[in-house]
Amino acid sequence: MRVLVTGGAGFLGSHLCDRLLADGHQVIALDNLFTGSKRNIVHLLSRSEFEFIRHDLVNPILLEVDWIFNLACPASPIHYQYNPVKTVKTSVMGALNMLGLAKRVKARILQASTSEVYGDPQEHPQKESYWGHVNTIGLRSCYDEGKRVAETLMMDYHRQNNVDIRIVRIFNTYGPRMAIGDGRVISNFIVQALRGERLTVYGDGAQTRCFCYVDDMIQGLVALMQYEGKDAAEPVNMGSADERSMNDIVNCLGEILGHKLEVEHHPLPENDPIRRRPDTTRAKKRLGWQPRVSLLDGLRGTVDYFRRALADA
Ligand code: NAD
Ligand code: UDP
């Protein structure tokens, strides 16, 4: 297969490129390097089956491909809120451009959606059938609503033009190659702990998330892309079911690093979801997928990565 990975120089995108190349595919990584980095793919640049294109997805592009993984979009709140209008454009125009391409070349397309389509959920855990609880005019809306429109466009191209689509609702995922300045909680806490700084806990730290290790997520993305069932166009949640508070995460890192970590509390950001946990029954039933890596093992691998990244920086 010839595969296009948008956002291919980012955290998830670069791991996906590694996996697709290992599976014997030809891979084109497309990225504008806003939050991604050539460092994430430098080890691939000399390979003849790999190509990198610096391109902004708000502009159309013509390529001959069989599969499109549409991952381009800043994922960390500090980055997607830096230029919120651009975030909406990336999600909406990016999805339009990639769907137009998929339609033209008859490619299968997978859209990286998000647990944020559920907003601050009033149903727990979140099933794919839940329509969500999203503030349309808050600071997170540029990301949440952008992704919701991307899902809508996917379904409309599917119904109207028979485009072969996959939609994955990704829940919090972490691991090596997150940027040092990414701003999401796992990378923030690890970098702060390794630098001997206090960990910045927003609010009282009782809010929850479920953290999935990157290797498990990549396995899931590929499994969904390969899935051929009649229901393949329906959205699928992917993430860990191991629900933890931010205070738990501080304690886990303390256990790994072998000493108690000091924290400082900051205000809880606007519309920060209080509880989040995916119902992953659909992924398990249809794809036989479930995460394998425990939180402690995943965090250990990520701590090792940031130790090296900080030494190199
Ligand atoms: P990331 O920020 O590391 O990767 C996003 C990539 O997209 C970066 O390389 C960035 O430079 C690129 N990009 C951004 N805007 C672009 C544009 N206009 N044109 C071309 N490239 C552009 O984040 P990630 O965690 O790897 O996220 C990848 C995808 O998965 C995103 O779509 C994100 O919304 C989704 N997702 C991730 C998580 C998670 O926890 N990691 C959770 C839910 C959804
Ligand atoms: N968070 C925190 N300290 C940080 C960064 C984030 O306590 O330095 C909290 C944040 O308020 C949220 C949770 O960690 O409740 C997860 O935040 P992240 O930005 O990683 O992902 P998202 O909110 O998009 O799930």
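Bear in mind the structure is a predicted one, so any value in this text is a computation, not a measurement.
Between Phe171 and Tyr118, the ring-plane angle classifies as tilted under the 30° and 60° cut-offs. In this pair, Tyr143 and Tyr80 present their aromatic rings parallel. The plane angle is below 30°, not in the 30 to 60° band.
Atom-to-atom distance recorded for Met225:CE and Leu287:CG is 13.0 Å, nearest 0.5 angstrom. Distance CG/Leu21 to NE2/His43: 8.5 Å, rounded to 0.5 Å. Taken from CD1 in Ile53 to CD1 in Ile61, the straight-line distance is 4.5 Å, to the nearest 0.5 Å. Distance OG1/Thr173 to CE/Met217: 3.5 Å, rounded to 0.5 Å.
The pair Glu151-Arg148 fails the salt-bridge criterion, with no side-chain N (NZ, NE, NH1 or NH2) lying under 4.0 Å from an Asp/Glu carboxylate O. Using a cutoff of 4.0 Å between basic side-chain nitrogens and carboxylate oxygens, Glu228 and Arg108 are scored as salt-bridged.
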Apply side chain to side chain contact (heavy atoms under 4.5 Å, CB included) to the pair Leu268 and Ile274, showing each step before the final yes or no.
CA-CA 10 Å; Leu268 191 67; Ile274 301 300; 4.3 Å; yes

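Without hydrogens or angle criteria, His266 side chain to Tyr202 main chain gives no donor-acceptor distance under 3.5 Å. Here the side chain of Gln126 pairs a donor or acceptor atom with the backbone of Arg277 at under 3.5 angstrom.
When side chains are defined from C-beta on, Val191 does not count as touching Asp182, because their heavy atoms never get closer than 4.5 Å.
Atom CD of Glu123 has more than 12 neighbouring heavy atoms from other residues, nucleotides or ligands inside a 6.0 Å radius.
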